[in-house]
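Below is one structure, written out as structure tokens; the observations come after it.
Atom set for the values below is all heavy atoms of this structure, side chains included, hydrogens, waters and symmetry mates excluded. Throughout, protein chains are lettered first and strands after them, A, B, ... in sequence-line order, and every chain is numbered starting at 1.
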Amino acid sequence: QKEVEQDPGPLSVPEGAIVSLNCTYSNSAFQYFMWYRQYSRKGPELLMYTYSSGNKEDGRFTAQVDKSSKYISLFIRDSQPSDSATYLCASVTGGGNKLTFGTGTQLKVEL
Amino acid sequence: GAVVSQHPSWVICKSGTSVKIECRSLDFQATTMFWYRQFPKQSLMLMATSNEGSKATYEQGVEKDKFLINHASLTLSTLTVTSAHPEDSSFYICSAVVLDTDTQYFGPGTRLTVL
């Protein structure tokens, strides 16, 4: 079993839809959780960074962490074609340790 | 802020030659940098952890004599692919951890093609 599981998709939604991206993790030592967006042939871009259970909002993006069920989510409101990318969840135990990535979910927002 | 650059962005080389890739944190210091490789439509695969002033820590299955890593300063790490072969062709990405935090920022990647 991978430490971070993520549905690879692809996920296709119409413009304006609410997108829900999800990951589960198994390592109880994970303390920090991130979501990265990666466009084709580019490096990952940090979208959200959270360290406690609950919601964190930034513009159209909301990151949600439920440590009791080891579940992390990213919600995208009013999705745009420019949101089409691969979204990677990642977790880390802390102290500058290496990230553990999910496999990434490929999202396509269609006009 | 928090910009990481990589140079070159792409490189084509002949089999048997060595290629050096630079990773720089432009506006912050990073004691720890990571090197990844990524194959098409796959997630990032961690190759090694680079700590400033010490030897890199390689992941299992990664040849340290083939992928030489040097982290000479708080803003620069280099990855040298020695005696490159076509199977080394990949997208190499570095990341840097902001000093005293756990936030990691990624470079734009370097596409290596070995002929």
Task: Which of B/Phe91, B/Trp10, B/Phe106 touches chain A most, by non-hydrogen pairs under 4.5 Å - done: B/Phe106
- [ ] Heavy atoms only, distances under 4.5 angstrom: which of A/Pro44, A/Gly104, A/Gly102, A/Gly43 has the most pairs with chain B? Name it, please.
- [x] A/Pro44
Task: Under 4.5 Å from a heavy atom of chain B, the part of A/Tyr51 involved - done: neither
Open item on the list: Please tell me whether B/Thr78 and B/Glu22 have a donor and an acceptor in their side chains that are separated by less than 3.5 angstrom.
Closed with: no
Open item on the list: Between B/Leu44 and A/Tyr32, is there shared hydrophobic-cluster membership here, with clusters defined by ILVMFWY side-chain heavy atoms closer than 4.5 Å?
Closed with: yes
Open item on the list: Between A/Glu45 and chain B, with a heavy-atom cut-off of 4.5 Å, which part of the residue counts as in contact: side chain, backbone, both or neither?
Closed with: neither
- [ ] Measure distances from B/Gln6 to the heavy atoms of chain A and classify the residue's part below 4.5 Å as side chain, backbone, both or neither.
- [x] neither
Task: Most chain B-contacting option - heavy-atom pairs closer than 4.5 Å, from A/Met34, A/Gln6, A/Gln31, A/Lys42 - done: A/Lys42
Open item on the list: Applying a strict under-4.5 Å side-chain criterion to I, L, V, M, F, W and Y, I'd like to know whether B/Met45 and B/Phe34 cluster together.
Closed with: no
Task: Lys/Arg N to Asp/Glu carboxylate O, A/Lys70 vs A/Glu3, below 4.0 Å - done: no
- [ ] Determine yes or no for a side-chain-to-main-chain donor-acceptor pair under 3.5 angstrom, with A/Glu5 supplying the side chain and A/Thr24 the backbone.
- [x] no
